[in-house]
Protein chains: 2
Amino acid sequence: MPSETPTLTDVARLAGVSENTVSRVVRNKGSIAEETRRRVTSAIDQLGYVPNRAAGSLASSSSLIIGVLLPSLSNIVFPEVLRGIHAALVSTPYQPMIGVTDYDLRQEQKILASMLAWQPAAIITAGFEHTDESRRMLQSNRIRVAELMDIDNRPIDLAVGFSHRKAGRAAAEHLVRRGYRRIAYVGHDWTADRRAFFRYEGLCDGLQQAGLAVAAELRFNGPSSTLAGRDTLGRLQQQAGDVDAVVFSNDDMAVGGFMHCLGDGIDVPAQLALFGFNGLEIGQALPKPLSTIRSNRFLIGKTAAETLLQASERAVEPHIIDTGFDIIEGATA
Amino acid sequence: MPSETPTLTDVARLAGVSENTVSRVVRNKGSIAEETRRRVTSAIDQLGYVPNRAAGSLASSSSLIIGVLLPSLSNIVFPEVLRGIHAALVSTPYQPMIGVTDYDLRQEQKILASMLAWQPAAIITAGFEHTDESRRMLQSNRIRVAELMDIDNRPIDLAVGFSHRKAGRAAAEHLVRRGYRRIAYVGHDWTADRRAFFRYEGLCDGLQQAGLAVAAELRFNGPSSTLAGRDTLGRLQQQAGDVDAVVFSNDDMAVGGFMHCLGDGIDVPAQLALFGFNGLEIGQALPKPLSTIRSNRFLIGKTAAETLLQASERAVEPHIIDTGFDIIEGATA
DNA sequence: GAAAATTATGTTAGCGCTGAGATAAAGCAT
DNA sequence: ATGCTTTATCTCAGCGCTAACATAATTTTC
């Protein structure tokens, strides 16, 4: 009578089969007679058997862990990616193990190393920037790797996201179509957030296409936030007066910009048009819904996890999945 | 020459010691001669040895995993708790494994069971509500358990948070002190979010103390959001006109309420005062910073993880840590 | 200076599971 | 009936590490 947590052996004994047979039933692998399966599952239920994952991982030298590396949790975008990943995993035996890099590549490398010690089934990372050592670890290991958010790079194995360059261009085209000509940019520190820089590049491209250029620009020296957006727009307006639209690096910044306009009595969009990026809920809850671009963070996470689980081996060629984006027309630009 | 990932044996051979000695150096356990330690660490560096966690867990029947159960990732509050947990773990060998329950106790139980299959060092869960089976699993297992956010309950092992009842009362006292008398409540569905209900109870207590009662109330039938806050305040105002202050179930709702006032030209706080809960950044970025209560989510997560790691055994009596809260005076109430 | 305590290291037996191969039983064509 | 394949099951070694105990070398104690 096992008073401790039951093991495969206990189940096997109760069901009158070998341990291996139980293992195959549990993992649904190989062929098993219907009658045997029934006996085994009933024994499992009776004992409340739960497989020991450590033992399984050790024996098979691979675990049911999916390592997830995120640059930050402060920005709601990444928890939403994580939510998507979780949604894809929730009905599988896989479990996400998360690591936060704080946009620090050396930190990413450290966390990556300790994650690989678990022999995870896959690694999902937001972004393409890695140290050489990280890249080597990901390359040499034949585990599956998804790099998220962006598709403007060649991935190691799988990329899921959309082109931030195109998104930037789309913002420019939208504003030009609406008749804005003196278009400024308010951003945040893009040494950490490379994608924000890609969008900026796309914006410049798009404006150039229309024979225009960025009329003024100011970047907050730190991560994006509503407060940073408010203050930075304020400073921009002191420096450069005659601007008729502002593209922000993201919605957080843009909502802050909107707050600045409210405080200063600036009529949006008549006096100044505002355009964001991400399609966060808060932007849509403003008295005038923010004009912005919807990035499908949840979908990116979900698609990545689902695609990784479809095959345990990498394909010969890296694979890229474009989840696209939509313009949210809004009422601010 | 091991072409595959090196094991303890490889390190031991290279350093000319037994495997066990290497193991003790790695885990920093037992006494080791300075000279030996040097030889071993140098061998580790040379081979790039990383311990196999699965093997370690199996042998010691406990892993370096911390299971984290969160009700949601959509509400920024929980990612912040996770951020705190991560901050406490980042310089340790522990790794967080996360599960999202979607406020569903049966889902929590399922995830909990599969987490326990990893023999985690501890489980951290946001909230005190569990199925009987979950509670049994947490009780019988002698692993450490932290229940977060709230301290209005008796925990299984450790509680970290603050009294939501007191926070509700503090809101009432603040508003009464400021001279508001006709105080309404705008909330969201509290079958899922029990803590919101506790705050409501506290609010009622506090008002009663001052000889008052909730002047009007309306609850949105769903999770909190800015849009829900905006719409629900709108509906409340149609139904009950003469209210001079509104307490919201949280900042998301309150910011939505502020948006409603902006749209309808209601002067805050002269015509209507608004009071939130959580102290989110967005509330402080409004043209008038939101009057609210700061709950230290990051601190709660960090304290919980730190406290759990201080001792691997439960104390005889459950332990409660009050992280407190502060009133943010703001400009809306 | 012998016994006891302390420090440093080695030896050995698993932890609970899976993979590979062996075996047995059943199905099928010839 | 005979060999050949397929299906269902078993046997057993071993994944890489740690716990427990054993041993050896050193220091302390009286």
Side-chain angles (χ1 to χ4, degrees), chain A residues 2-41 43-44 47-65 93 114 116-121 312, chain B residues 2-41 43-44 47-65 93 114 116-121 312:
Chain A
S3 70
E4 294 302 314
T5 51
T7 70
L8 259 198
T9 318
D10 300 322
V11 177
R13 193 159 26 215
L14 183 57
V17 296
S18 75
E19 297 183 26
N20 192 291
T21 301
V22 178
S23 174
R24 267 153 40 223
V25 170
V26 169
R27 287 177 298 148
N28 208 11
K29 208 182 174 191
S31 46
I32 285 141
E34 210 31 68
E35 158 63 8
T36 311
R37 160 169 283 125
R38 210 169 8 248
R39 276 223 312 288
V40 170
T41 47
I44 288 173
L47 295 175
Y49 169 71
V50 176
N52 180 323
R53 295 294 178 206
S57 307
L58 179 58
S60 66
S61 56
S62 86
S63 74
L64 296 171
I65 287 173
S114 60
L116 289 176
W118 288 101
Q119 311 202 94
S312 60
Chain B
S3 70
E4 292 303 315
T5 51
T7 70
L8 258 198
T9 317
D10 300 321
V11 177
R13 193 158 27 214
L14 182 59
V17 295
S18 77
E19 297 183 27
N20 195 300
T21 302
V22 177
S23 174
R24 267 161 16 221
V25 170
V26 169
R27 286 177 298 146
N28 208 11
K29 208 181 174 189
S31 46
I32 286 142
E34 211 30 70
E35 157 64 8
T36 310
R37 160 169 283 126
R38 215 176 356 254
R39 278 224 310 289
V40 170
T41 46
I44 287 173
L47 296 174
Y49 168 72
V50 176
N52 180 322
R53 296 294 178 206
S57 307
L58 179 57
S60 66
S61 57
S62 85
S63 74
L64 296 171
I65 287 172
S114 60
L116 290 176
W118 287 100
Q119 309 201 98
S312 60

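To find a chain, count down the sequence lines: A is the first, B the second, and so on, and within it residues start at 1. Quantities reported herein were computed from a predicted structural model and do not represent experimental measurements. These values consider heavy atoms only, across backbone and side chains, with no hydrogens, waters or symmetry-generated copies.
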Trainee: Please list, chain by chain and in numerical order, all residues satisfying side chain to side chain donor-acceptor pair (under 3.5 Å) with A:S62, sequence neighbours excluded.
Mentor: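 For A:S62, no residue satisfies side chain to side chain donor-acceptor pair (under 3.5 Å) once neighbours in sequence are set aside.
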Trainee: Atom CD1 of A:I65 and atom CG of A:L116: how far apart are they, to the nearest 0.5 Å?
Mentor: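 So the gap between those two atoms works out to 11.0 Å.
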Trainee: Could you go through residues 49-56 of chain A and list every donor-acceptor pair under 3.5 Å that involves a side-chain atom there, pairing it with any protein atom two or more places apart or in another chain?
Mentor:
unit_1: A:N52; atom_1: OD1; unit_2: A:A54; atom_2: N; d: 2.9
unit_1: A:N52; atom_1: OD1; unit_2: A:A55; atom_2: N; d: 3.1

Trainee: Where do N or O atoms of nucleotides 23-29 of chain C meet protein N or O atoms at under 3.5 Å, pair by pair?
Mentor:
none

Trainee: Provide the full list of side-chain hydrogen bond (donor to acceptor under 3.5 Å, both in side chains) pairs with a residue in residues 21-33 of chain B, sequence neighbours left out, each pair given once.
Mentor: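 Of all non-adjacent pairs touching residues 21-33 of chain B, those that pass side-chain hydrogen bond (donor to acceptor under 3.5 Å, both in side chains) are B:S18-B:T21, B:N20-B:R24, B:S23-B:R27, B:N28-B:R37.
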Trainee: Tabulate atom names and distances for all N/O pairs under 3.5 angstrom spanning the protein and nucleotides 18-22 of chain C.
Mentor:
unit_1: C:dT18; atom_1: OP1; unit_2: A:R27; atom_2: NE; d: 3.4
unit_1: C:dT18; atom_1: OP2; unit_2: A:S23; atom_2: OG; d: 2.3
unit_1: C:dG19; atom_1: OP2; unit_2: A:R27; atom_2: NH1; d: 2.6
unit_1: C:dG19; atom_1: OP2; unit_2: A:K29; atom_2: NZ; d: 3.4
unit_1: C:dG19; atom_1: N7; unit_2: A:N20; atom_2: ND2; d: 3.4
unit_1: C:dG19; atom_1: O6; unit_2: A:N20; atom_2: ND2; d: 2.6
unit_1: C:dA20; atom_1: N6; unit_2: A:N20; atom_2: ND2; d: 3.1

Trainee: In whole angstrom, give the distance that lies between atom CD of B:E34 and atom C1' of C:dT9.
Mentor: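 Interatomic distance, CD of B:E34 to C1' of C:dT9: 15 Å.
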Trainee: Taking all non-hydrogen atoms of both residues into account, name the closest pair between B:S63 and B:P120 and its distance.
Mentor: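 Where B:S63 meets B:P120 most closely, the heavy atoms are OG-CA, 3.4 Å.
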Trainee: Side chains of A:V25 and A:V22, heavy atoms from C-beta outward: is any pair under 4.5 Å?
Mentor: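 With C-beta onward as the side chain, the pair stays apart.
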Trainee: Do you know which two heavy atoms are closest between A:T9 and A:E19, and how far apart they sit?
Mentor: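 So the minimum-distance heavy-atom pair works out to OG1-OE2, 3.4 Å.
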Trainee: What's the spacing between B:I44 CD1 and B:L8 CG if we round to 0.5 Å?
Mentor: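 Reported to 0.5 Å precision, the distance equals 8.0 Å.
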Trainee: Once you round to the nearest 0.5 Å, how far does CG of B:L58 lie from OG of A:S57?
Mentor: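 Going from CG on B:L58 over to OG on A:S57, the span is 9.5 Å.
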Trainee: Ignoring backbone atoms, test whether B:S31 places a side-chain nitrogen or oxygen under 4.0 Å from the OP1 or OP2 oxygen of C:dA8.
Mentor: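 Affirmative; the distance criterion is met.
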Trainee: Rounded to the nearest 0.5 Å, how far apart are CG of B:L47 and OG1 of B:T7?
Mentor: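 B:L47 atom CG to B:T7 atom OG1 measures 9.0 Å (nearest 0.5 Å).
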Trainee: Taking only side-chain nitrogens and oxygens of A:T7, does any of them come within less than 4.0 Å of OP1 or OP2 of C:dC15?
Mentor: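 A:T7 to C:dC15 OP1/OP2: no side-chain N or O under 4.0 Å.
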Trainee: With a cut-off of less than 4.0 Å, is there a side-chain N or O of B:T36 near OP1 or OP2 of C:dT9?
Mentor: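 Checking C:dT9 against B:T36, a side-chain N or O does come within under 4.0 Å of OP1 or OP2.
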Trainee: Of all heavy-atom pairs between B:A15 and B:A43, which one has the smallest distance, and what is that distance?
Mentor: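 B:A15 and B:A43 have their closest heavy atoms at CB-CB, 4.0 Å.
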Trainee: Could you tell me the boundaries of the chain A footprint on DNA chain D, defined by atoms under 4.0 Å from its heavy atoms?
Mentor: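 Span of nucleotides near chain A: D:dT7 to D:dG16.
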Trainee: Considering every strand and a 4.0 Å limit on heavy-atom distances, what is the contact class for B:T21: base, sugar-phosphate, or nothing?
Mentor: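 Contact class for B:T21: sugar-phosphate only.
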Trainee: Let me know, please, whether B:N52 or A:I32 comes out on the 5' side of the other along DNA chain D by nearest nucleotide.
Mentor: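 Result: A:I32.
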